[in-house]
Amino acid sequence: MIKKVVSGVHEALEGVTDGMTLMLGGFGLCGIPENCIAHLVTLNIKGLTCISNNAGVDDFGLGLLLQKRQIRKMISSYVGENDEFERQMLSGELEVELTPQGTLAEKCRAAKAGIPAFFTPAGYGTEVAKGKETREFNGKMYLMEEAYKADFAFVKAWKGDEAGNLIFKGTARNFNPCMCGAAKVTVVEVEELVPAGSLDPNQIHVPGIFVNRIFKGETYEKRIEKRTVRTK
Amino acid sequence: MIKKVVSGVHEALEGVTDGMTLMLGGFGLCGIPENCIAHLVTLNIKGLTCISNNAGVDDFGLGLLLQKRQIRKMISSYVGENDEFERQMLSGELEVELTPQGTLAEKCRAAKAGIPAFFTPAGYGTEVAKGKETREFNGKMYLMEEAYKADFAFVKAWKGDEAGNLIFKGTARNFNPCMCGAAKVTVVEVEELVPAGSLDPNQIHVPGIFVNRIFKGETYEKRIEKRTVRTK
Amino acid sequence: MLDKNGIAKRIAKEVQDGYYVNLGIGIPTLVANFVREDISVEFQSENGVLGMGPFPFEGEEDADIINAGKQTITTLPGASFFDSATSFGMIRGKHVDLTILGAMEVSENGDIANWKIPGKMVKGMGGAMDLVASAENIIVAMMHTNRAGESKLLKNCTLPLTGVECVKKIVTNLAVLEVTNEGFLLLERAPGVTVEEIQKATEGNLIIKGDVPEMIL
Amino acid sequence: MLDKNGIAKRIAKEVQDGYYVNLGIGIPTLVANFVREDISVEFQSENGVLGMGPFPFEGEEDADIINAGKQTITTLPGASFFDSATSFGMIRGKHVDLTILGAMEVSENGDIANWKIPGKMVKGMGGAMDLVASAENIIVAMMHTNRAGESKLLKNCTLPLTGVECVKKIVTNLAVLEVTNEGFLLLERAPGVTVEEIQKATEGNLIIKGDVPEMIL
């Protein structure tokens with residue numbers, strides 16, 4: 001078994017420098033790599049390009065990096081929950097590439113799986129198609145989309161073992177598995193880190209080969225964006 | 001929950017007719033839809049195109065359909081274990097399209113996921129590339145490969161629930177998940193059929209939406225092709 | 001004239017037994033409340049869940065189990081969780097039978113705009129572009145006119161498009177309409193709404209064939 | 001001169017700590033027996049397993065747990081099972097560090113042929129084309145000549161290719177060679193084998209620089 005465990009968030013983020021392209025898992029605030037983001041803020045690294053479905057909220061998630069102007073460019077599908085983001089975007093301080101959510105997921109998956117490009121119907125006939133090759137297959141029009149290239153992927157899993165095998169919980173899975181192995185270095189933080197052999201090999205969501213570094217996150221706030229309940 | 005359960009192999013195969021294109025899961029004899037194949041033989045349907053990584057052995061798996069001359073064309077990556085196959089192929093009775101294994105898997109996955117075409121490096125510069133578009137990405141050459149189109153997919157899973165959710169065991173997983181949802185109708189046979197709610201929603205390998213019909217197979221021979229052991 | 005719940009109630013009648021359904025944010029979310037209890041339907045949320053149930057009881061909410069609107073949810077027996085690539089595989093691969101979503105504008109050829117107002121609103125398209133590009137069956141749920149009283153059913157959309165020639169049906173506070181080659185075919189009137197009122201609120205070509213029945217809710 | 005086990009033993013020295021390795025059928029399979037015990041290596045089999053262990057004890061074999069050679073296997077702690085698309089995602093995505101496979105012919109520019117003899121043998125390429133097209137590090141394990149005594153290290157391959165310009169290193173019963181821009185660079189001689197013998201058995205351009213050491217096993 002190949003060991004992936006690092007001592008903590010400090011070692012996990014070694015090598016992240018100005019101007020890099022980062023992938024960050026999560027949907028809204030669900031399943032985001034809280035510990036990695038918190039440490040990125042303290043590192044004061046600038047000029048980042050972040051590939052992440054959302055951009056957090058003003059005071060949590062990627063919003064923390066936005067507030068400190070560490071992000072030069074965001075690649076996301078939906079950014080509606082973040083006023084600071086909208087302000088920076090409309091003022092031109094922040095470059096934004098809005099990408100259909102399924103295309104974003106597939107561009108990560110393609111990077112991970114060695115597929116340099118693929119065709120999707122999403123965005124055909126819209127401004128997303130600008131500058132992209134279009135082609136007809138079976139009477140329908142498609143866009144060609146290329147795989148992402150990223151330096152680091154930051155991923156949050158529920159359980160992980162020393163061999164880097166991962167299991168996610170509920171909808172906190174989202175983009176996290178797609179980003180494992182999609183960057184040069186994949187860093188994973190987990191709620192529970194177990195010895196190799198503790199997880200059923202049949203029930204691994206992401207095999208360890210897609211993971212370079214793994215550590216147990218110190219704390220998880222797991223903030224709920226829209227607590228919605230019914231009464232008994 | 002949407003019910004997918006059919007009464008048995010007879011109902012499961014309703015609608016399969018001459019000249020159709022079928023996908024069949026399995027790697028060698030591991031994880032093949034034994035009950036569906038056995039019933040296909042009795043149905044005497046002819047002129048089939050079969051997409052399957054291998055072609056069985058002479059007297060088991062797809063070899064049974066080959067012996068009865070029910071297959072017009074095979075799309076496979078490796079057919080080395082079947083003398084009858086080799087004979088029919090060299091004599092020209094059987095049309096054969098040999099496809100790199102990873103390309104075969106990805107063409108199934110693409111069909112399932114609504115990706116009409118993708119690029120892969122496998123086969124570039126070989127006879128597999130004949131007639132295919134080639135293109136350079138980042139200094140490396142790739143082939144464009146299109147998604148398969150199939151009428152039925154026959155899949156073998158370990159456990160399944162009434163909602164069509166599937167779990168596979170060990171390396172019997174192989175091509176089976178990739179083929180679920182890749183054909184117009186996906187038929188799954190399982191060793192164990194359980195009520196909806198019995199499986200952990202976090203541990204489903206294939207969500208039921210990719211499955212149209214599911215039934216419990218009557219018997220499983222699970223023949224081992226190359227029993228290899230060591231002594232204590 | 002219908003309120004939001006009325007629109008949702010009318011759309012619920014389009015949901016058939018055995019359907020997998022994706023509901024957008026806003027009015028579409030309400031549709032789940034009105035689906036007949038005697039049919040089997042599963043709700044997909046593109047963030048990675050199939051078999052969504054009602055909102056959790058207070059105190060039972062789980063930060064790791066949400067829908068695409070970021071609301072806490074529960075799951076029903078037979079549910080499954082999966083990653084985003086798999087989720088959009090379901091959508092792009094046409095495994096989801098019905099997509100219901102809101103819109104800012106729809107044109108008479110079925111184009112839809114719902115993600116951006118240049119220089120003003122930039123929330124992003126989320127999964128909407130994937131959904132409208134792939135779904136066989138798309139119903140738009142929206143008000144017939146905007147807050148300024150202008151029609152949202154247009155000859156051509158003026159806002160940046162989400163998808164082209166994809167909307168099949170529209171249910172508004174005033175009417176049910178089908179998108180045809182010739183324009184918006186008026187199928188049903190909302191209770192108490194006249195054909196003339198619908199005509200006045202529709203900028204795109206409105207096709208009226210014979211007596212247009214009032215919808216039954 | 002080396003036998004098959006000798007070739008495997010020499011190749012095992014190329015396996016480094018932390019490597020994920022894919023072993024082809026035949027001689028490559030034997031490599032696992034000779035990897036140093038003090039390093040961590042995981043073996044991937046393209047039919048869907050990572051962390052392969054030794055063959056099972058008699059009576060403990062499981063029809064559902066096999067390798068790409070269709071042999072019954074076991075798994076080690078930290079192993080995982082996955083589907084074929086994921087497996088070739090690992091391979092195509094360059095996550096596997098080292099691929100060791102057999103060949104019928106290799107050319108001096110690194111082309112490889114190992115899947116077909118026209119009109120005669122048609123086993124198919126299996127996963128070999130994906131492996132050779134993607135692996136950063138490919139070692140070919142083979143006899144230096146075929147049964148007819150003809151060289152398998154050629155100027156140009158005569159058989160249908162499996163991949164182009166992909167082989168990095170070759171270990172045969174006679175020598176260890178590196179594929180360079182100028183041809184086969186002779187790195188090591190097998191015990192008791194002379195440079196002249198290797199030259200005679202090599203049709204492609206053989207580059208000899210200074211004294212060629214005998215390999216240490």
Side-chain angles (χ1 to χ4, degrees), chain A residues 1-6 23 105-118 147-150 153 157 159-168 177-186 188 193-214, chain D residues 15-22 35-53 62 64-67 73-99 127 129-136 163 166:
Chain A
M1 183 213 57
I2 297 164
K3 287 229 169 68
K4 313 282 176 131
V5 180
V6 293
M23 289 178 165
E106 193 68 13
K107 280 163 75 89
C108 293
R109 192 262 174 194
K112 160 196 199 126
I115 302 285
F118 60 90
Y148 285 127
K149 289 182 197 74
K159 291 184 189 176
D161 72 13
E162 295 165 338
N165 295 304
L166 307 179
I167 293 178
F168 301 86
C178 316
M179 289 176 174
C180 289
K184 285 178 202 146
V185 181
T186 297
V188 181
L193 185 59
V194 300
S198 314
L199 304 175
D200 179 354
N202 228 23
Q203 295 294 14
I204 306 294
H205 293 148
V206 172
I209 194 171
F210 294 115
V211 172
N212 301 100
R213 304 175 189 171
I214 187 168
Chain D
V15 179
Q16 293 177 28
D17 191 30
Y19 266 15
Y20 291 99
V21 182
N22 182 292
V35 173
R36 278 164 51 195
E37 302 235 330
D38 61 332
I39 63 172
S40 290
V41 171
E42 278 190 47
F43 292 103
Q44 195 252 18
S45 196
E46 65 266 27
N47 59 317
V49 55
L50 198 65
M52 263 192 295
D62 183 338
D64 290 330
I65 302 181
I66 65 169
N67 65 16
I73 56 157
T74 62
T75 57
L76 298 173
S80 57
F81 297 110
F82 35 84
D83 66 51
S84 301
T86 302
S87 184
F88 282 91
M90 292 176 190
I91 290 166
R92 217 189 295 105
K94 298 181 185 296
H95 304 285
V96 175
D97 300 291
L98 175 61
T99 290
M129 283 193 183
D130 306 271
L131 282 159
V132 301
S134 304
E136 299 278 10
C166 52

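Computed from a predicted model, the values in this text were never measured in an experiment. Below, chain A is the first sequence line, B the second, and so on; all start at residue 1.
- Looking at A/S198 and A/D161, their side chains never come closer than 4.5 Å, going by heavy atoms from C-beta outward.
- For chain D, the option among A/I204, A/I209, A/N202, A/N165 with the highest count of heavy-atom pairs below 4.5 Å is A/I209.
- Highest contact tally toward chain D, considering only A/A163, A/G164, A/P207, is held by A/P207 [criterion: heavy-atom pairs under 4.5 Å].
- Heavy atoms closer than 4.5 Å to chain A are found in the side chain of D/F82, but not in its backbone.
- The neighbour count for D/K94 NZ, taken as heavy atoms of other residues, nucleotides or ligands under 6.0 Å away, is above 12.
- When side chains are defined from C-beta on, A/L166 does not count as touching A/H205, because their heavy atoms never get closer than 4.5 Å.
- Rounding to the nearest 0.5 Å places CG of D/N22 at 11.0 Å from CE of D/M90.
- Of the atoms belonging to A/K3, not a single heavy atom falls under 4.5 Å from chain D.
- For a residue to count as touching a neighbouring chain, one of its non-hydrogen atoms must lie under 4.5 Å from one of that chain's; by this rule D/L76 does not touch chain A.
- For a residue to count as touching a neighbouring chain, one of its non-hydrogen atoms must lie under 4.5 Å from one of that chain's; by this rule D/V41 touches chain A with the backbone only.
- Defined by atom type and a distance below 3.5 Å, a donor-acceptor pair is present between the side-chain atoms of D/Q44 and D/S87.
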